[in-house]
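The sequence lines fix the lettering, A, B, ..., with proteins before strands; numbering per chain opens at 1.
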2 protein chains.
Amino acid sequence: MATIKDVARLAGVSVATVSRVYNDSHLVREDTRERVRQVAQQLGYSPHGAARSLITSRTHTIGVLLPDLYGEFFSEVIRGIDLRSQQEGFHVLVSSARNDGRSLESALRSMRGRVDGLIVMSPDMDAGAGQRGLPARFPVVLLNSPPSDSGYDSLGVANFDGAYAMIRHLAGLGHRRIAIIRGAEQNFDAAERLRGYRAAVAELGLEADAALELPGDFSEAAGHAAALRLLALPRRPSAVFASNDGMAIGALSAVREAGLRVPEDLAVTGFDDIPMARYLDPALTSVHVDITALGASATDWLLATLQGQEIPGARREMLPTTLIVRRSCGAGAPGPA
Amino acid sequence: MATIKDVARLAGVSVATVSRVYNDSHLVREDTRERVRQVAQQLGYSPHGAARSLITSRTHTIGVLLPDLYGEFFSEVIRGIDLRSQQEGFHVLVSSARNDGRSLESALRSMRGRVDGLIVMSPDMDAGAGQRGLPARFPVVLLNSPPSDSGYDSLGVANFDGAYAMIRHLAGLGHRRIAIIRGAEQNFDAAERLRGYRAAVAELGLEADAALELPGDFSEAAGHAAALRLLALPRRPSAVFASNDGMAIGALSAVREAGLRVPEDLAVTGFDDIPMARYLDPALTSVHVDITALGASATDWLLATLQGQEIPGARREMLPTTLIVRRSCGAGAPGPA
DNA sequence: GAGGGGCATGTAATCGTTTACATTTTCGCC
DNA sequence: GGCGAAAATGTAAACGATTACATGCCCCTC
């Protein structure tokens, strides 16, 4: 691989000049610049990233730490991050790590000197676990994390509001006995959705019953299992709110297998509004979350911090959600929409 | 941030010794090693990646270049790559780039000195476009790419076989007039699936009819539109093979809206077997592809090349697929499986 | 024609490591 | 106790860039 020296020699200039050409300093005469570019082209030269970042102490890379890389959600987040990063000429270094302190910490260490800042998704309820080992005063944006006094920027989804709105909608359709399929234990998003559910149940005077709160883990299988349990209940609910669309899909198939109809026998709704929700049968009523925007915003925040435009740690924001009404809840949505 | 010098000074040793501790050379006395570790811990020191890779000329990072980061497919590939990379202590730098030579080339340039090797997904039929600008003799594994004499390792999916098997299965169920919803223009996977379809149609003596080959682009919407066109045909086919599951889902919803039944009025099948396929109504018959394995294998190949265990460029392999029969094709699958 | 102000370019220190080579320490053995 | 080999440590030169500072040059002005 050609280095800056090779280019300099062949172009008959000093390395400083070559460097200037690549950092487009205006201090290079046009013909010199042209000659250098030519030689570089011919040699297939391009600046060595590591060398560059060693001296400038900027890597032009942001690190993304996710608990897992599975599923629609993560691919959307990454997409949002990549989109914005690329616009600003930044690279994206991804890594998944179970958020126990240890593997997270080692992931962090090994990113030292490779990234300018981090986007960390640590949805674990135990705030400390996800954040210990983060170097102090390092630019970090937390995603979907419980509130903490960590002093990091934090961005998430208005889970509480979204869940509340969904339950209110169902109540508006006349449902009084509404079940919830909960998300993963210890998951902050799941906890917030549950809180929204409970608040709505209480405030709207719906039937409160511990038997209506079923455990789940965000998987289709869990939704399937939970729905079966619901259907077996002595007093069956008329509607069920699954904490994400994956579980709602599992629930739909369970109801179908039981020979019952959605929404007539049981209304089913979800959360996330994944692209496929509208194509299900019946089309799934869900809470829309713009995940790509979440990733993009996180990136914006991080880049702003990197460029010193923002004081880090000052912000905590929840992206608003929108209720998408389709047929699965029994509302009069005119066909799949 | 503490550097190796700080650690050395505070531990009363030379930088070389500290370095040795971190590269676990056996040439350090146990008590010295312990002292160094202690000081490092206390200072929060960890080696600076850029500096390290500058001198060793190894980054312990593999670059992943994808045409887009959208959807299930990519998230699975990345997951496979990340899984294996992490096991081997490698990082993953992802980037999406439309595979026109230009943006690809710039993506490549900016990765120079940041990655040890590349996994490039360039499904574009124009082989050159996706591969121009790749530095010669750089470790590269191509994903889902058309054959070329580029001299790079190439890994893909047995699209032809998968499609052929699907059509044969449908023919076995008695279908004689089978349509296909094609994938994106210029996409190699799509082309192979089409080729498999045509080969099966010809060899099995099914009805060949240009009107049965509908354009598509892998999106749900395209599947929806194509199905509507099929239903409007004077002589309607009895089955349709969508080139991916997303389009199959769109087709399912279109048939439903038309007030017809799957599979009785029209059998529908897909390709990819995304996790949700089994939860659709009716459960979708599809060609299973282990995408995570694809990513993992690509990573294995690349790492093997990096460690000099393999001569690069020698291999081209197509991962086998398996036919998953469910209800949407009309076969007697006992309920959703 | 001397002086001076820009502009274009060159020189060399620097970033934080690794590692070949040089040097010191340790230790077994006679 | 002295010798020498082996083990432990230190010294300093890389790696490939950026950039403060020095220098040279051209041209203008008086």
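Counting heavy atoms of neighbouring residues, nucleotides and ligands inside a 6.0 Å radius, atom CD of B:E88 exceeds 12 of them.
Taking side-chain N and O atoms only, B:R52 has a distance below 4.0 Å to OP1 or OP2 of C:dT18. Contact between the side-chain N/O atoms of A:S19 and the OP1/OP2 oxygens of D:dT18 is found at a separation under 4.0 Å. One finds no side-chain N or O of B:S53 lying less than 4.0 angstrom from the OP1 or OP2 phosphate oxygen of C:dT17. Proximity of B:T17 to the phosphate of D:dG10: a side-chain N or O atom is located under 4.0 Å from OP1 or OP2. For D:dA17, one of the phosphate oxygens OP1 or OP2 lies less than 4.0 angstrom from a side-chain nitrogen or oxygen of A:Y45. Distances shorter than 4.0 Å separate none of the side-chain N or O atoms of A:T56 from OP1 or OP2 on C:dC15. When the side-chain nitrogen and oxygen atoms of A:N23 are compared with OP1 and OP2 of D:dT19, none of them lie within a distance under 4.0 Å.
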Checklist entry - What's the verdict on side chain to side chain donor-acceptor pair (under 3.5 Å) for B:S122 and B:S145, showing C-alpha distance, side-chain angles and the deciding distance? => result CA-CA 5 Å; B:S122 69; B:S145 305; 3.1 Å; yes
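With B:D116 as reference, B:T59 is the one residue of B:T305, B:T59, B:T61 to meet the side-chain hydrogen bond (donor to acceptor under 3.5 Å, both in side chains) rule.
Across the protein-nucleic acid pair, A:H26 atom NE2 and C:dC7 atom P stand 8 Å apart, rounded to whole Å. If you measure from atom CE of A:M1 to atom P of D:dA17, you get 11 Å, rounded to the nearest angstrom. With rounding to whole Å, B:E30 atom CD is found 16 Å from D:dA7 atom P. Distance A:L27 CG to D:dT19 P: 12 Å, rounded to the nearest Å. Distance, B:R35 CZ to D:dT9 P: 8 Å, rounded to whole Å. One atom, CG of A:L54, and another, P of C:dT18, lie 12 Å apart when rounded to the nearest Å. Summarising the geometry, the separation between CZ on B:R58 and P on D:dA14 is reported as 23 Å, rounded to the nearest angstrom. Protein atom CZ of B:R9 is 16 Å distant from nucleotide atom C1' of D:dG10, rounded to whole Å.
Minimum atom distance to the side chain of B:K5 is reached by C:dT17, of the listed C:dA8, D:dT9, C:dT17. If you check D:dA8, D:dA12, D:dT18 against the side chain of B:T32, the one that comes closest is D:dA8. When each of D:dA20, C:dT26, C:dT17 is scored by its nearest atom to the side-chain atoms of A:R20, the top-ranked nucleotide is D:dA20. Of the candidate nucleotides D:dT9, C:dT9, D:dG16, C:dT9 has the atom lying nearest to any side-chain atom of A:R29.
Classification of A:R9 and A:D6 as a salt-bridged pair holds, one side-chain N sitting under 4.0 Å from a carboxylate O.
Residue-level contact check: B:V13 touches the backbone only, with heavy atoms under 4.0 Å from sugar-phosphate atoms and none from bases.
With DNA chain D read from its 5' end, the first of the two nearest nucleotides for A:P47 and B:G12 is the one closest to B:G12. Taking the nucleotide of DNA chain D with the nearest heavy atom to each of B:S14 and A:A16, the more 5' of the two is matched to B:S14.
When only modelled atom types and interatomic distance are considered, B:R58 and B:S53 share no side-chain donor-acceptor pair under 3.5 Å.
For A:R37 and A:Y45, the positive end is not near the middle of the six-membered ring at less than 6.0 Å and at most 45° from its axis.
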